[in-house]
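In this text, all values refer to a predicted model and were calculated from it rather than measured experimentally. In what follows, every chain begins at residue 1, and chains take the letters A, B, ... in the order their sequences are listed.
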Number of protein chains: 2
Amino acid sequence: MADVARQAEVSIKTVSRVVNDEEGVRPQTAAKVRAIIETLGFHRHEGASMLRKGRSTSIGLIVEDLGNPWYSQLAASMEREARSRQHFLLSVSAEGLPEREAELVDALVARRVEGLVVVPASSIPSEAIRRAALQLPVVCVDRPLPGLHADTVLSDNDGGTRSAVEHLAAHRHQHLGFLGDDAAIWTAQRRHTAFVQSYDSLGLPGRPRTALGPYAAGEVSDILQEWCSGTAPVTAVLTSNNRVTLAVIVAVRTLGLDLVVVGYDDFELAEFLDPPITVVHQDPAALGERAVQQIFARLDGDDAEPRTLVLPTRLIVRGSARRAARIGEGRSGDRARHTAS
Amino acid sequence: MADVARQAEVSIKTVSRVVNDEEGVRPQTAAKVRAIIETLGFHRHEGASMLRKGRSTSIGLIVEDLGNPWYSQLAASMEREARSRQHFLLSVSAEGLPEREAELVDALVARRVEGLVVVPASSIPSEAIRRAALQLPVVCVDRPLPGLHADTVLSDNDGGTRSAVEHLAAHRHQHLGFLGDDAAIWTAQRRHTAFVQSYDSLGLPGRPRTALGPYAAGEVSDILQEWCSGTAPVTAVLTSNNRVTLAVIVAVRTLGLDLVVVGYDDFELAEFLDPPITVVHQDPAALGERAVQQIFARLDGDDAEPRTLVLPTRLIVRGSARRAARIGEGRSGDRARHTAS
DNA sequence: GCGTTGTCTGACAACGATGTCAATCGTTAT
DNA sequence: ATAACGATTGACATCGTTGTCAGACAACGC
């Protein structure tokens, strides 16, 4: 900036004014400065600006795995939303490890991100995130952190789960199974509970069969095989997220099971699988957008009590309805076939 | 830091030494300082550190769309690799627009990223990226920027395309089609050229049928329908990336075409589609890792001439081989059926 | 001509950390 | 006891930018 000032024969301050589009600079002076900036290829040093202004114009995001499409859609929408306010997004993967998450929180706070969005790896707020929440806006997405003074954006797990169970029941599935991801993941627990409640309130027979991870290699297959044998075989399963859905699809295809699968989280091509997979769609892009908007609202001075926002889910029915109906109609025969196997 | 120094009754400089694990601090002094740091919850201000040291410990990544699994895998692997050297990754989507890409290059340079990885939106280097390449290491991934003084990491487009065409020819497919993405995308062009060359060198009959995007809505369907009718219908198509593969799968299923699809870019569940999709697998994670390693090598003082690294691809055969053989055996019958339609 | 107003510009300090270099301390050798 | 040495520690300037405040300058009314 000093170089520009020298060449333009003005003070550093004037250059600063031009760079920041501040008013009170004579147009011809501004034009001259701008010309020099162009020729020298000058860029303001954001680090220094950050230091002086005390603002970093960036937001942090901590998720489990940026390679997972669900998270990458979240990150993509947040990046878009952040950029609409000239902010950058620093996204990092904590790999589901609470201690790594804590490290990353500290690292992002050290970078003076203006806000922090977290998809918590555990249900207990770390010391690091408690400290963070005291000095900058923190938003939990997808999973809450009870006891943390922070905004939260969730999707409607109870409603989503219920819609899936009701859908299956309406198509005469009586014996349902639920396969959740790692029990440490809040959504897995929550959807598990909602599944059992829906099962009971619909008066489905017997007790619901459920499992929670983490699963050893081949364990999903074993569980499904067991559920599908015996006197009251399961005819449909609900999964708690895209990772489990994938494992179930693999198992179903490998074992050749006749099983309707309803997945949590939509995924590309679900429509073209055999059988097509009905899913509970939750919109990660919408979650991300709202989270960033929440951060900006706080930065703009909103200091109301922490809010929890619950976004609706949508059941996307794909083929399984038809197939379910078929099974329902010929149920006794089907059951006979199952018990025989 | 001043607060810590006051409480610990040492100078700011000593605190700095402790924070940076510099040697020459008496263990008991260091312990005392560390204790105060803990109680005060002090974090070094990275912006200030950045300013003084002239380094930002961050790397920039510009891609087309972070929501696309291919790019998100690239970003995820880069983030992992960058973090192994204590660096953060600033990833942004340029949405395929060269002018936005140029803006983002400037914004990242202003943030003083130490290196910049770009998946170029066009084949012509912008002024912005030329300037950037003069002051920091730039690496092009997936697509080169001819004339730019920068390292490049590509995957073997010629080899990958050839392996796909040879695979199809070996299974008696004689009439092949190629559907490329937007002609502005370098890989689409390159794979197109390689497709035509392979087609010729294998002595396949007639002229290869090819198309390049961008495609209007429904255009892919129209093209496929045309290729599959007439006297020498196409029996297999190769696509140039995951986006086109998706469009082709939708068209094939919607129109009920009997067409073998080989896709560029692997994707989850490709195995379980009907028909299963054979793909040319290129490893975005490996590309990202090498790109970041290249950046660090340059930062470590490597000033050799720009290098181009070409990573191998792998043909993942899934079912289409069997199906192709079947078509090959009953070719005349098949052709009759096709011409009849 | 002179004070007054308002516009434009510049000098300077400060943001928080670190490199440089000098000062201080505790040891050891004499 | 004292000089000499290495191990610790601290004072200060500095990185590039922006907020504060005062100075310079032109235009205006009297």
Side-chain angles (χ1 to χ4, degrees), chain A residues 1-37 40-58 86-88 106-114 135-136, chain B residues 1-37 40-58 86-88 106-114 135-136:
Chain A
M1 202 172 251
D3 294 345
V4 177
R6 203 171 308 117
Q7 292 223 14
E9 296 172 307
V10 296
S11 75
I12 295 182
K13 178 66 215 191
T14 299
V15 178
S16 168
R17 276 194 262 258
V18 172
V19 169
N20 291 296
D21 285 322
E22 282 174 42
E23 54 187 19
V25 179
R26 215 165 24 177
Q28 66 207 66
T29 314
K32 186 164 154 195
V33 171
R34 260 187 262 276
I36 308 279
I37 286 178
L40 294 188
F42 165 83
H43 284 289
R44 169 177 56 193
H45 189 302
E46 289 293 340
S49 177
M50 228 181 260
L51 170 60
R52 183 64 237 257
K53 296 213 245 206
R55 316 187 333 104
S56 66
T57 64
S58 58
Q86 331 287 359
H87 284 235
F88 274 81
D106 279 339
L108 287 168
V109 170
R111 294 240 153 184
R112 297 299 194 272
V113 290
E114 292 189 45
Q135 44 187 299
L136 50 83
Chain B
M1 200 174 252
D3 295 344
V4 176
R6 204 171 311 116
Q7 292 224 14
E9 297 172 306
V10 295
S11 76
I12 295 182
K13 178 66 214 191
T14 299
V15 177
S16 167
R17 276 193 263 258
V18 172
V19 168
N20 291 296
D21 285 323
E22 283 176 40
E23 53 187 20
V25 179
R26 215 166 23 178
Q28 66 207 67
T29 313
K32 187 165 156 195
V33 171
R34 260 187 262 274
I36 308 280
I37 287 178
L40 294 188
F42 164 83
H43 285 289
R44 169 177 56 195
H45 188 303
E46 289 293 339
S49 177
M50 228 183 261
L51 170 58
R52 184 62 238 253
K53 296 214 240 200
R55 316 187 328 106
S56 67
T57 63
S58 59
Q86 331 287 356
H87 285 235
F88 273 82
D106 279 339
L108 287 168
V109 169
R111 295 239 153 186
R112 298 299 193 271
V113 291
E114 293 190 44
Q135 44 186 300
L136 50 83

- Query: CD1/B:Ile36 to CZ/B:Phe42 distance, rounded to the nearest 0.5 angstrom?
  - Reply: 12.5 Å

- Between residues 25-34 of chain A and DNA chain C, which residues have a heavy-atom gap below 4.0 Å? A:Val25, A:Arg26, A:Thr29

- Message: Suppose we screen for salt bridge (Lys or Arg N to Asp or Glu O under 4.0 Å). Which residues come up paired with A:Arg44, at least two apart in sequence or across chains?
- Response: A:Glu46

- Task: List the atom of B:Ala48, the atom of A:Leu51, and the distance in Å for their closest heavy-atom pair.
- Result: CB-CD1, 3.8 Å

- Message: For B:Lys53 versus B:Asn20, what's the shortest heavy-atom pair and its separation?
- Response: NZ-OD1, 3.9 Å

- Query: Quick one: CZ on B:Arg112 to CE on B:Met50, what's the gap to the nearest 0.5 Å?
  - Reply: 11.0 Å

- Query: When you check the phosphate oxygens OP1 and OP2 of C:dG10, does a side-chain N or O of A:Thr14 lie under 4.0 Å from one of them?
  - Reply: yes

- Query: For the helix from C:dG1-D:dC30 to C:dT30-D:dA1, how many degrees between its two end axes (five pairs per end), to the nearest 10°?
  - Reply: 50°

- Query: Hey, does A:Met1 have a side-chain heavy atom less than 4.5 Å from the side chain of A:Val19?
  - Reply: yes

- Query: What string of B, S and - do you get for nucleotides 13-23 of chain D, 5' to 3', when a contact is any protein heavy atom under 4.0 Å?
  - Reply: BBBBBBB----

- Task: Map B:Gly47 and A:Gly24 onto DNA chain C by nearest heavy atom, then report which one ends up closer to the 5' terminus.
- Result: A:Gly24

- Can you spot which of B:Thr29, B:Val33, B:Asp3 makes a side chain to side chain contact (heavy atoms under 4.5 Å, CB included) with B:Val15? B:Val33

- Atom CZ in B:Arg111, atom OG1 in A:Thr57: separation rounded to 0.5 Å? 3.5 Å

- Message: Enumerate the salt bridge (Lys or Arg N to Asp or Glu O under 4.0 Å) contacts for residues 18-27 of chain B, please, sequence neighbours excluded, ordered by first and then second residue.
- Response: B:Asp21-B:Arg34

- Query: How long is the gap from CD on A:Gln7 to CD1 on A:Ile37, to the nearest 0.5 Å?
  - Reply: 11.5 Å

- Item | Atom of A:Val25, atom of A:Arg17 and distance for their closest heavy-atom approach | CG2-CB, 3.8 Å

Protein N or O to nucleotides 25-28 of chain D N or O, pairs below 3.5 Å:
none

- Query: Do you know the tightest heavy-atom contact between A:Ala5 and A:Ser11?
  - Reply: CB-C, 3.7 Å

- d(A:Gln135 CD, B:His43 NE2) to nearest 0.5 Å is 6.0 Å

- Measure from CZ on A:Arg6 to C1' on C:dG10 and round the result to the nearest Å. 16 Å

